[in-house]
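Side-chain atoms are counted along with the backbone in the values below, which use heavy atoms only and exclude waters and symmetry mates.
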Amino acid sequence: MARTLRSTPARDGFWMPSELGPHAGCWMLWPERPDNWRDAAQPAQSAFAALAVALSQFEPVTVGVSEPQFDRARTLLPAEVRVVELSHDDCWMRDVGPTFVVNSRGERRGVDWRFNAWGGMQGGLYSPWDQDERVARKVLELEGCDRYAAPLINEGGAVHVDGEGTALVTEECLLNPNRNPALRREDIETHLRSYLGVSAIVWLGRGIPHDETSGHIDNLACFVRPGEIALTWTDNRRDPQHAVSLDALARLLDGRDARGRRFKVHKLPMPGPLTLTAKEAAGVIPRQGTKRRRAGERLAASYVNFYPANGGIVMPLLDRRTDRLAGARLKRLFPGRRVVGIPAREILLGGGNIHCLTQQVPGRARRRRPTTRSAAGT
């Protein structure tokens, strides 16, 4: 039986490894909310099934499904994808699932962050979210991993690490008063160091425009290896993304990682801008307490929102004008991996993308403990 621990990962010698390391598997959740997914979620379910198939080429995949949807999911998903009954409010496993941590002996545990649907009653996306609050604990039980119950409201998509002591975050998200209004920046940094096992925290400013998660880092920037970062970019000065990316680039070039290295930044083109069509908006059934989907609103599209599988990169295909260029740049960044593109507009319509839907379980390969420094971060 998995235990709930009273200490912290850092105190016990655990840290969050880079997601670019080996995986024991990947977890997803199954979409069904008609107030978020158009046409009773059927187009989204087909897209999720295609994603699960692509991921299963590289590593074991488990999909959590509600009881009413179990038979449909089992029919749409191939036999090699494990399907388990797991109640949830929506399907963003990156944010509601556990953040796994490891130690130098290769042992795994998990961090269960507090969750409030990206803002609670002050801008959150739906209510209630009580089933989502229990997903991380259930996954850890099924994986046989002990659990750390973090006191911080946080989501997995809000943090990105290099596995060597450095975390990337945004001020827009982690300093948003709809998450942890009683905590100062220093308090949040203390919690991140304790529960991610990092020593340097690099703060970027805003996330990409119209990101309804309040600026998650996993739509803006990610590590491609220690010391190197991919950044969402546009040269269009009239696009609000341009100022966001310029600010992020300046902060990264001025920053240092936990080992004192300067960052090398690689630009990934931004698709679009993409907007919600009238037909797509009409297929969503609005409900009180949930975010309304309106025709013409901009979608938070980003190629940074990919999943690094064992030996592969599974990327979203979002815009014919930029898909090929983005794929070529990812191939250059990950020459030892096979880049696979998945049509992902149906996923994007729900507010996120491939990285948001997935949560890797790190493999048990022996890892070195990250080097720590006394610097407080950037």
Side-chain angles (χ1 to χ4, degrees), residues 31 33-39 41-48 50-51 90-95 117-119 123-126 155 157-158 170 172-173 206-222 230-236 238-245 248 268-286 290-307 314-327 330 341-358:
R33 294 183 73 108
D35 54 358
N36 191 51
W37 303 100
R38 70 184 183 115
D39 301 338
Q42 291 189 20
Q45 290 171 357
S46 295
F48 275 54
L51 173 58
D90 206 357
C91 53
W92 306 104
M93 180 60 90
R94 177 69 52 179
D95 293 343
W118 308 278
L125 301 185
Y126 51 76
E155 305 95 35
T170 69
E172 180 185 1
C173 182
R206 298 185 65 82
I208 70 172
H210 305 280
D211 185 343
E212 57 198 40
T213 65
S214 304
H216 271 187
I217 190 68
D218 70 349
N219 249 357
L220 177 66
C222 67
L231 174 66
T232 295
W233 188 264
T234 179
D235 290 319
N236 182 0
R238 296 181 179 179
D239 193 302
Q241 179 63 50
H242 184 71
V244 171
S245 295
L268 276 182
M270 183 192 75
L274 305 177
T275 57
L276 186 69
T277 69
K279 181 179 178 181
E280 290 165 341
V284 179
I285 301 174
T290 62
K291 175 182 169 60
R292 294 181 67 90
R293 301 291 178 199
R294 302 183 186 278
E297 67 183 14
R298 183 165 173 170
L299 301 170
S302 169
Y303 293 114
V304 169
N305 210 288
F306 62 84
Y307 181 85
V314 181
M315 65 168 286
L317 298 179
L318 298 166
D319 187 339
R320 292 180 181 179
R321 297 167 294 181
T322 47
D323 286 344
R324 182 173 295 182
L325 176 59
L330 286 171
I342 299 297
R345 183 174 177 89
E346 291 296 338
I347 299 171
L348 178 62
L349 296 180
N353 226 286
I354 289 174
H355 190 262
C356 308
L357 298 178
T358 51

Note to self: So which atom in L318 and which in A301 form the shortest heavy-atom distance, rounded to 0.1 Å?
What the structure shows: CD1-CB, 4.1 Å
Next item on the list: Determine whether more than 12 heavy atoms belonging to other residues, nucleotides or ligands lie under 6.0 Å from atom CD1 of I285.
Entry: no
Note to self: Quiz question: by atom type and distance under 3.5 Å, do the side chains of H210 and E297 form a donor-acceptor pair?
What the structure shows: no
Note to self: To the closest 0.5 Å, what do you measure between CZ (R238) and CG (N236)?
What the structure shows: 7.5 Å
Next item on the list: Could you check if a side-chain atom of W233 sits within less than 4.5 angstrom of a side-chain atom of P269, using non-hydrogen atoms only?
Entry: no
Notebook entry, point to check: Looking only at heavy atoms, which two atoms of D218 and H355 are closest? And how far apart?
Noted result: OD2-ND1, 2.8 Å
Item checked: S245 versus L231, closest heavy-atom pair with distance -> O-CD2, 3.7 Å
Next item on the list: For residues N36 and T290, determine if any side-chain heavy atom of one lies less than 4.5 Å from a side-chain heavy atom of the other.
Entry: no
Note to self: To check you understand the geometry: which heavy-atom pair defines the closest contact between P31 and C91, and what is its length?
What the structure shows: CB-SG, 3.8 Å
Check: With distance as the sole test, does S302 use its side chain to make a donor-acceptor pair with the main-chain N or O of L220 at under 3.5 Å?
Finding: no
Item checked: Beyond-backbone contact of T213 with W92, side-chain heavy atoms, under 4.5 angstrom -> no
Item checked: Side-chain touch V284/K291, heavy atoms, less than 4.5 angstrom -> no
Notebook entry, point to check: Any sub-3.5 Å donor-acceptor pair from R94's side-chain atoms to G157's backbone N or O?
Noted result: no
Next item on the list: Would you confirm whether Y307, through its side chain, and T358, through its main-chain N or O, come within 3.5 Å as a donor-acceptor pair?
Entry: no
Next item on the list: Considering only NZ, NE, NH1 and NH2 on the basic side and carboxylate oxygens on the acidic side, decide whether E212 and R293 come within less than 4.0 Å.
Entry: yes
Notebook entry, point to check: Considering only heavy atoms from C-beta outward, does the side chain of T232 approach that of N219 to under 4.5 Å?
Noted result: no
Item checked: By side-chain hydrogen bond (donor to acceptor under 3.5 Å, both in side chains) - contacts of E346 (at least two apart) -> R38
Checklist line | side-chain contact (heavy atoms from CB on, under 4.5 Å) evaluation trace for L299 with T275 | finding: CA-CA 5 Å; L299 301 170; T275 57; 5.6 Å; no
Margin query: Which residues pass the ring-ring contact (aromatic ring centres under 6.0 Å, His included) test with F306, not counting sequence neighbours?
Written below: F334
Notebook entry, point to check: Quick check: are there more than 12 heavy atoms from other residues, nucleotides or ligands sitting under 6.0 Å from CZ of R33?
Noted result: yes
Check: Any Lys/Arg nitrogen of R298 or D239 sitting under 4.0 Å from an Asp/Glu carboxylate oxygen of the other?
Finding: yes
Next item on the list: Measure across V244 and G207 and return the closest heavy-atom pair with its distance rounded to 0.1 Å.
Entry: CG1-O, 3.5 Å
Margin query: Using side-chain heavy atoms (C-beta onward) and a distance below 4.5 Å, is P316 in contact with I347?
Written below: no
Margin query: Please evaluate residues Y126 and W118 with respect to the criterion ring pair (Phe, Tyr, Trp, His ring centres under 6.0 Å), reporting the C-alpha separation (whole Å), side-chain torsions for both, the decisive distance (0.1 Å), and the verdict.
Written below: CA-CA 9 Å; Y126 51 76; W118 308 278; 5.7 Å; yes
Notebook entry, point to check: Should L357 and L51 be marked as a side-chain contact (heavy atoms from CB on, under 4.5 Å) after you check the CA-CA gap, both sets of side-chain angles, and the distance that decides it?
Noted result: CA-CA 10 Å; L357 298 178; L51 173 58; 3.9 Å; yes
